[in-house]
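Report on the following structure.
Every chain is numbered from 1 and lettered A, B, ... according to where its sequence line falls, protein lines coming before strand lines. Note that the structure is a prediction, hence the values are computed from the model and not measured.
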Amino acid sequence: MSDLLARLNPPQLQAVTLPPVHALILAGAGSGKTRVLTTRIAWLVSTGQVSPHGLLAVTFTNKAAKEMTARIAALVPINPRGLWIGTFHGLCNRLLRAHHRDAGLPQTFQILDSADQLAAVKRLLKNLGVDDEKYPPREICHFINGHKEQGIRAAQAEAYDAWTRRRVELYAEYEAQCNREGVVDFAELLLRCYELLSRNEPLRRHYQERFRYILVDEFQDTNRLQYAWLKLLAAGGASLFAVGDDDQSIYAFRGAEVGNMREFERDYARSNVIRLEQNYRSHGNILAAANAIIKNNRERLGKNLWTDAGAGEPIRAFEAWSDLDEARFVIDEIRELIREGTGAGQVAVLYRSNAQSRVLEHELFSRGVPYRVYGGLRFFERQEVKHALAYLRLIANPDDDTAFLRVVNFPTRGIGARTLENLQAAAHQTRSSLYNAAASLSGKAGQAVGAFVALIEILRRETESLPLPEVVEHVIEKSGLAQHYRTEKEGQERLENLDELINAAASFVDDEGAVGEGGALVSFLTHASLEAGEHQAGEGQEAVQLMSVHAAKGLEFDVVFITGLEQGLFPHENAVAEGRDGLEEERRLMYVAVTRARQRLYLSCAQTRMLHGQTRYCVPSGFLEEIPAELLLKLNRAPATAMAPTAPAYGASVPAIAGGLRIGQTVEHSKFGLGVIVASEGRGADARVQVNFGGAGMKWLALEYAKLTAV
DNA sequence: TGGGAGTGCTTTTTT
DNA sequence: AGCACTCCCA
């Protein structure tokens with residue numbers, strides 16, 4: 001036990017050994033956040049203050065949940081299976097499966113991922129004959145999810161204009177459709193679980209009394225509903241222990257509310273706020289740069305990282321002529337580093353947007369440096385995998401219309417759009433699922449659909465008593481999917497992925513062992529929806545790691561390159577156009593990027609860059625100027641100095657348009673608000689500029705008439 | 001039914 | 001530029 005606490009610093013020790021109170025742990029980057037969480041759990045259990053049964057630990061990603069479980073298991077001899085450690089969605093799913101009747105759900109309810117949800121909304125709009133120009137499916141999804149995340153049902157949604165009234169109606173129709181089909185989207189998992197607990201007093205009391213200690217990781221990423229869910233569970237006197245870093249809040253765009261931290265501090269943890277400010281990751285110069293950047297943000301709880309590791313190397317800054325030149329520089333440096341003995345896996349190249357990876361990949365590939373890119377399509381999102389899962393979903397729940405439509409004619413069975421329209425009309429009339437309505441269809445088309453339904457029935461019967469991996473294999477084969485891909489010329493890789501799906505089922509059975517409510521198949525389908533596959537980088541891969549800054553959160557590398565540090569790109573122009581909050585989120589993103597580096601940090605920008613098929617002239621990011629010059633080592637290559645002997649200031653080569661404006665400049669317009677100049681044509685009085693106003697869109701404006709003020 | 005041409009969009013992303 | 005999506009024709 002003393003071992004457990006031996007290597008903690010004073011604030012860490014204080015946090016770990018807090019009595020059962022509410023507490024907010026402000027954990028800076030690299031300050032041992034996970035360590036504090038896991039050690040606290042281990043300490044609580046090993047000192048007998050709580051049984052593992054009485055703990056609830058919540059994370060955002062499956063990876064974090066797994067890591068936490070593994071680390072706790074290494075600290076105390078308990079069976080990690082008995083611990084309630086998981087993601088918000090995973091835990092809500094668990095509660096809803098256990099109490100599906102009280103929650104008004106079929107035991108085998110299926111989970112829609114974002115793509116499934118979009119498909120479901122598209123289908124709904126089509127069935128209702130809604131104009132999808134005026135009501136774009138994506139926007140409707142966003143509207144629905146936004147309301148659910150605020151805890152608002154269609155019946156309570158406010159609407160002050162016709163457009164929104166219609167959207168609320170569509171939200172209500174969507175709710176009805178999901179209920180009819182027995183499916184639940186991601187936001188619904190949380191909202192349904194919240195409602196279950198708040199309406200069902202005995203159940204709520206049961207869980208409130210059971211969970212004495214509730215611990216939350218990455219608290220800055222919680223949305224309103226998640227926070228409400230936590231408060232509800234903790235309302236019976238449990239201790240709520242929230243760990244987070246407001247400076248690393250980079251997910252406001254998808255509903256995270258940093259304000260939850262301030263609110264939590266005010267309402268719960270006023271006297272128990274602990275700051276973890278000692279950083280064990282980065283050298284001093286890197287931290288100094290990070291601190292200098294983040295201190296420009298106004299909305300902060302306040303925190304200053306320090307280290308006793310020494311200043312380390314200066315931060316290397318490079319201004320390239322073009323994106324290609326930048327890529328060459330990065331790869332030259334990487335080759336040199338590898339030659340000197342740095343492992344390729346210890347080098348990360350970060351960028352603001354995934355499109356930037358292309359040039360870098362090309363250069364890495366042509367110079368034979370091993371690399372791995374994160375951020376592509378994930379395993380369970382591949383079309384062939386989704387098709388196979390759709391067959392499995394129909395076996396588990398025939399009312400799942402999304403799954404039905406996905407594979408009713410794949411592989412092709414001569415069931416055309418016309419037939420499906422008739423089928424949907426029939427289903428709509430009888431308010432039943434497509435599967436049930438299939439019997440009512442007559443004629444040749446009816447036969448084809450009938451054959452499909454018969455196929456599903458046969459598959460269900462044949463797989464009834466098979467172990468899960470064999471179920472998957474059988475379905476892939478007998479559905480015709482395997483045959484279809486065998487004849488397709490690009491099908492080899494898809495076949496391999498289908499084999500991989502069988503393997504995934506096998507290892508799922510091995511890992512999970514215990515079969516949840518509703519049987520192995522339902523558990524596996526849930527797993528597939530909730531855990532779309534490896535997206536974040538793993539340890540120990542001997543390849544240079546390429547990823548967006550967002551994807552790098554939580555990771556660390558010896559050497560980090562932050563590329564594309566240009567106005568309009570990083571900070572991104574859309575964010576800048578949103579105003580101060582947008583810019584502050586970009587700055588937090590920059591802070592996250594910088595704090596990924598242990599020993600060496602490179603910052604680079606390019607003067608020209610291909611973007612959307614056009615060459616753009618770029619101004620270096622304002623974030624570069626926020627770093628004290630004495631921390632920087634400017635690496636300009638020979639041609640640069642030769643052509644500009646007086647050491648050019650950043651951005652000197654970007655042509656000025658007129659009136660001190662240049663591309664990348666943030667401007668304000670009386671009607672459109674804030675925007676960023678992205679292109680120009682003409683000179684002097686004739687000059688026109690293209691400005692991205694974010695929400696107000698992209699506009700061409702004549703400088704002579706438009707009143708633009710440089711900001 | 002499937003492919004080819006035309007159109008429009010394009011930040012970040014977990015569950 | 002590159003990709004996803006739609007539409008139309010053979």
Side-chain angles (χ1 to χ4, degrees), chain A residues 58-65 86-93 111-118 122 132-133 136-138 142 145 148-149 184-190 193 218 221-223 225-226 249-256 323 350-359 362 374-378 380-381 383 409-418 488 526-536 547-554 564 568-578 582 585-586 588-590 592-593 609-616 676 678 692 694 697-698:
Chain A
V58 197
T59 63
F60 273 85
T61 65
N62 293 299
K63 192 181 167 199
T87 62
F88 280 101
H89 295 84
L91 294 165
C92 286
N93 171 64
I111 298 167
L112 302 185
D113 66 18
S114 323
D116 297 329
Q117 185 188 29
L118 186 64
K122 279 185 183 164
D132 59 5
E133 300 256 302
R138 274 173 203 287
H142 185 76
N145 293 338
K148 287 189 180 181
E149 282 164 15
V184 159
D185 61 45
F186 286 139
E188 184 72 24
L189 277 175
L190 288 158
C193 184
E218 307 275 20
D221 288 338
T222 52
N223 64 32
L225 180 57
Q226 288 161 339
S249 161
I250 55 173
Y251 286 113
F253 72 92
R254 64 171 199 220
D323 45 356
L350 309 183
Y351 33 77
R352 174 65 237 263
S353 66
N354 287 308
Q356 289 166 249
S357 73
R358 189 169 223 92
V359 196
H362 180 82
Y374 294 89
L377 207 52
R378 290 175 299 171
F380 286 108
E381 290 168 357
Q383 69 141 298
N409 198 34
F410 193 96
T412 49
R413 306 187 168 88
I415 299 171
R418 200 53 188 272
E488 197 180 58
T526 300
H527 166 82
S529 306
L530 251 31
E531 206 166 334
E534 197 65 41
H535 204 116
Q536 258 207 330
M547 67 192 86
S548 70
V549 180
H550 284 90
K553 189 176 164 213
L569 195 60
F570 196 2
H572 197 277
E573 61 206 31
N574 293 359
V576 173
E578 280 165 25
E585 177 140 325
E586 294 292 302
R588 291 193 291 269
L589 199 50
M590 179 66 183
V592 168
R609 181 176 297 276
M610 268 302 242
L611 212 58
H612 312 322
Q614 281 181 292
T615 302
R616 276 241 296 237
V676 177
V678 300
N692 181 355
M698 198 73 97

- prompt: If you measure from the ring centre of A/His572 to the centre of the six-membered ring in the base of B/dT11, is it under 5.5 Å, with the planes under 30° apart?
  reply: yes
field: Results of salt bridge (charged side-chain N to carboxylate O under 4.0 Å, His left out) for A/Glu218 - residues two or more places apart only
entry: A/Lys33, A/Lys553
A/Leu530 CG - B/dT15 P separation (whole Å): 8 Å
message: I need the CG-P distance between A/Leu589 and B/dT13, as an integer number of Å.
response: 10 Å
- prompt: side chain to side chain donor-acceptor pair (under 3.5 Å) with A/Arg358: which residues, sequence neighbours excluded?
  reply: none
Test salt bridge (charged side-chain N to carboxylate O under 4.0 Å, His left out) applied to A/Glu149 - qualifying residues, sequence neighbours left out: none
statement: Rounded to whole Å, CZ of A/Arg254 lies from C1' of B/dT12 at a distance of 9 Å
- prompt: Looking for any heavy atom pair under 4.0 Å, which part of the strands does A/Phe88 touch: base, sugar-phosphate only, or nothing?
  reply: nothing
query: To the nearest angstrom, how far is A/Glu218 atom CD from B/dT14 atom C1'?
result: 12 Å
message: How many whole angstroms separate atom CD of A/Glu585 from atom P of B/dT11?
response: 15 Å
- request: At the 4.0 Å heavy-atom cut-off to chain A, mark where contacts on DNA chain C begin and end, going 5' to 3'.
  value: C/dA1 to C/dC3
task: State whether A/Asn354 places a side-chain N or O below 4.0 Å from either non-bridging phosphate oxygen (OP1 or OP2) of B/dT13.
output: yes
task: Could you tell me whether A/Ser529 contacts a base, only the sugar-phosphate backbone, or nothing, with contacts defined as non-hydrogen atoms closer than 4.0 Å?
output: nothing
Below 3.5 Å is the cut-off: list the nitrogen or oxygen pairs between protein and nucleotides 1-10 of chain B, distance only.
from  : atom 1 : to       : atom 2 : distance (Å)
B/dT1 : OP1    : A/Asn409 : OD1    : 3.4
B/dT1 : OP1    : A/Asn409 : ND2    : 3.3
B/dT1 : OP1    : A/Gly414 : N      : 3.2
B/dT1 : OP2    : A/Asn409 : ND2    : 3.0

Protein-nucleotide distance (A/Arg358, atom CZ; B/dT11, atom C1'), rounded to Å: 17 Å
query: Which class fits the ring pair A/His550 and A/Phe253: parallel under 30°, tilted 30 to 60°, perpendicular over 60°?
result: perpendicular
task: With heavy atoms under 4.0 Å as the rule, sort A/Glu578 into base, sugar-phosphate or nothing.
output: base
- request: Only counting residues at least two apart or in another chain, list the ones meeting side chain to side chain donor-acceptor pair (under 3.5 Å) with A/Thr526.
  value: A/Arg97
message: Which residues pass the salt bridge (charged side-chain N to carboxylate O under 4.0 Å, His left out) test with A/Asp185, not counting sequence neighbours?
response: A/Lys148
- line: To the nearest angstrom, the CZ-C1' distance between A/Arg378 and B/dT13 comes to 8 Å
statement: Walking DNA chain B from its 5' end, the first of A/Gly90 and A/Glu586 to be reached, judged by nearest nucleotide, is A/Glu586
query: Base, sugar-phosphate, or nothing for A/Phe253, non-hydrogen atoms under 4.0 angstrom?
result: base
- prompt: What's the OH-C1' distance between A/Tyr251 and B/dT15, to the nearest Å?
  reply: 12 Å
statement: Sorted by chain and number, sequence neighbours left out, side chain to side chain donor-acceptor pair (under 3.5 Å) with A/Gln356 holds for A/Ser353
Residues forming a side chain to side chain donor-acceptor pair (under 3.5 Å) with A/Asn354, sequence neighbours excluded: none
- line: Closest heavy-atom pair, A/Ala552 versus A/Leu350, reported as atoms and distance to 0.1 Å, is CB-CD2, 3.8 Å
task: From the options B/dT15, B/dT12, B/dT13, select the nucleotide whose nearest atom is closest to the side chain of A/Asn62.
output: B/dT15
field: Nearest-0.5 Å distance, CD of residue A/Glu586 to CD of residue A/Glu573
entry: 10.5 Å
- request: Using the P atom on both, measure C/dA4 against B/dT13 and round to a whole Å.
  value: 16 Å
task: Spell out yes or no: do the side chain of A/Thr87 and the base of B/dT14 have one donor N/O and one acceptor N/O closer than 3.5 Å?
output: no
